[in-house]
Trainee: 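Pasting a structure below so you can have a look.
Since the structure is predicted, the reported quantities are computational estimates derived from the model, not experimental observations.
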Amino acid sequence: QVQLVESGGGLVQAGGSLRLSCASSGHTFNSYVMGWFRQAPGKEREFVAAFSWSGATTYYADSVKGRFTISRDNAKNTVYLQMNSLKPEDTAVYYCAARTPGTISTFDARYNYWGQGTQVTVSS
């Protein structure tokens with residue numbers, strides 16, 4: 001059973017930083033595409049960032065490019081999302097997701113497993 005558990009969310013002022021973590025278990029971590037999505041109140045869930053199973057390829061939404069960095073630690077089976085220069089519009093519940101081996105996808109329906117989410121609130 002694949003389990004994903006996010007942590008690291010919280011309240012931060014605009015311009016600040018947060019690092020989200022996603023601890024993964026129950027699967028061969030380094031053979032999965034791992035991604036982050038977010039959902040703001042009243043909005044659809046949207047893609048934030050992902051990297052390929054090998055970690056060689058990363059992809060970011062335009063809205064976070066240059067501010068957010070996705071990384072992974074295979075030894076710890078953990079994915080990170082470093083978020084800098086946060087804006088109020090980054091406020092959302094952030095979800096970690098895993099996809100069986102394949103290419104990076106920005107479509108949430110193509111991810112097989114999801115964490116419970118962690119709230120990020122950016123005040124102006």
Trainee: State which residues pass salt bridge (Lys or Arg N to Asp or Glu O under 4.0 Å) with E46; sequence neighbours excluded, sorted by chain then number.
Mentor: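 Testing E46 for salt bridge (Lys or Arg N to Asp or Glu O under 4.0 Å), a comparison that skips the adjacent residues, returns R38.
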Trainee: For a quick test of reading the model, state the closest non-hydrogen atom pair linking T118 to G9 and the distance between them.
Mentor: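 So the two residues come closest at OG1-N, 3.2 Å.
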Trainee: Salt bridge check, D62 against K65: does any charged N sit closer than 4.0 Å to a carboxylate O?
Mentor: yes
Trainee: Please list all pairs meeting salt bridge (charged side-chain N to carboxylate O under 4.0 Å, His left out) that have one or both residues in residues 108-124, counting only residues at least two apart or in different chains.
Mentor: R45-D108
Trainee: How about W114 and C96: do any of their side-chain heavy atoms sit closer than 4.5 Å?
Mentor: no
Trainee: To the closest 0.5 Å, what do you measure between OG (S17) and CZ (R19)?
Mentor: 12.0 Å
Trainee: Over all heavy atoms of both residues, which pair between V33 and I104 is shortest? Give the atoms and the distance, please.
Mentor: CG1-CA, 4.1 Å
Trainee: Using modelled atom types and a 3.5 Å cut-off, is there a donor and acceptor pairing between side-chain atoms of Y60 and backbone atoms of I70?
Mentor: yes
Trainee: Take the angle between the ring planes of F68 and Y94 and call it parallel below 30°, perpendicular above 60°, tilted in between.
Mentor: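 Answer is tilted, since the angle falls between 30° and 60°.
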Trainee: With rounding to the nearest 0.5 angstrom, report the OG1 to OH distance, T106 to Y111.
Mentor: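 Rounded to the nearest 0.5 Å, the OG1-OH separation comes to 7.5 Å.
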Trainee: If every non-hydrogen atom of L18 is compared with every non-hydrogen atom of L86, which pair is closest and at what distance?
Mentor: N-CD1, 3.9 Å
Trainee: Looking at CG of N74 and OG of S24, how far apart are the two atoms once the value is rounded to the nearest 0.5 Å?
Mentor: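 Reported to 0.5 Å precision, the distance equals 10.0 Å.
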Trainee: Say whether, by atom type as modelled, one donor and one acceptor occur between the side chain of S52 and the main chain of T57 under 3.5 angstrom.
Mentor: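 A pair under 3.5 Å: yes.
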Trainee: Looking only at heavy atoms, which two atoms of P88 and A14 are closest? And how far apart?
Mentor: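 Scanning both residues, the minimum pair turns out to be CD-CB, 4.1 Å.
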Trainee: Is there a donor-acceptor pair under 3.5 Å between the side chain of E6 and the backbone N or O of Q116?
Mentor: yes
Trainee: Determine the interplanar angle of the Y113 and Y32 rings, folded into 0 to 90°, and report it as parallel if under 30°, tilted if 30 to 60°, perpendicular if over 60°.
Mentor: tilted
Trainee: Quick check: do E89 and V122 have side-chain heavy atoms less than 4.5 Å from each other?
Mentor: no
Trainee: Indicate the atoms forming the closest heavy-atom contact of C22 with L4, along with that distance.
Mentor: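 Taking every non-hydrogen atom into account, SG-CB, 3.9 Å.
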Trainee: Using 30° and 60° as the class limits, which term best fits the ring planes of Y59 and F47: parallel, tilted or perpendicular?
Mentor: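 Taking F47 first and then Y59, their aromatic rings sit tilted (interplane angle of 30° to 60°).
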Trainee: Once you round to the nearest 0.5 Å, how far does OG1 of T91 lie from CG of L11?
Mentor: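 One finds 8.5 Å between OG1 of T91 and CG of L11.
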Trainee: Can you list the residues that meet the side-chain contact (heavy atoms from CB on, under 4.5 Å) rule with T103, with sequence neighbours excluded?
Mentor: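 Once residues adjacent in sequence are excluded, the partners of T103 under the side-chain contact (heavy atoms from CB on, under 4.5 Å) criterion are R99.
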Trainee: Say you draw a straight line from OG1 of T121 to CG of D90; how long is it, rounded to the nearest 0.5 Å?
Mentor: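 Taking OG1 in T121 and CG in D90, the distance rounds to 11.0 Å.
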Trainee: To the nearest 0.5 Å, how far apart are CZ in F37 and CG in L81?
Mentor: 12.0 Å
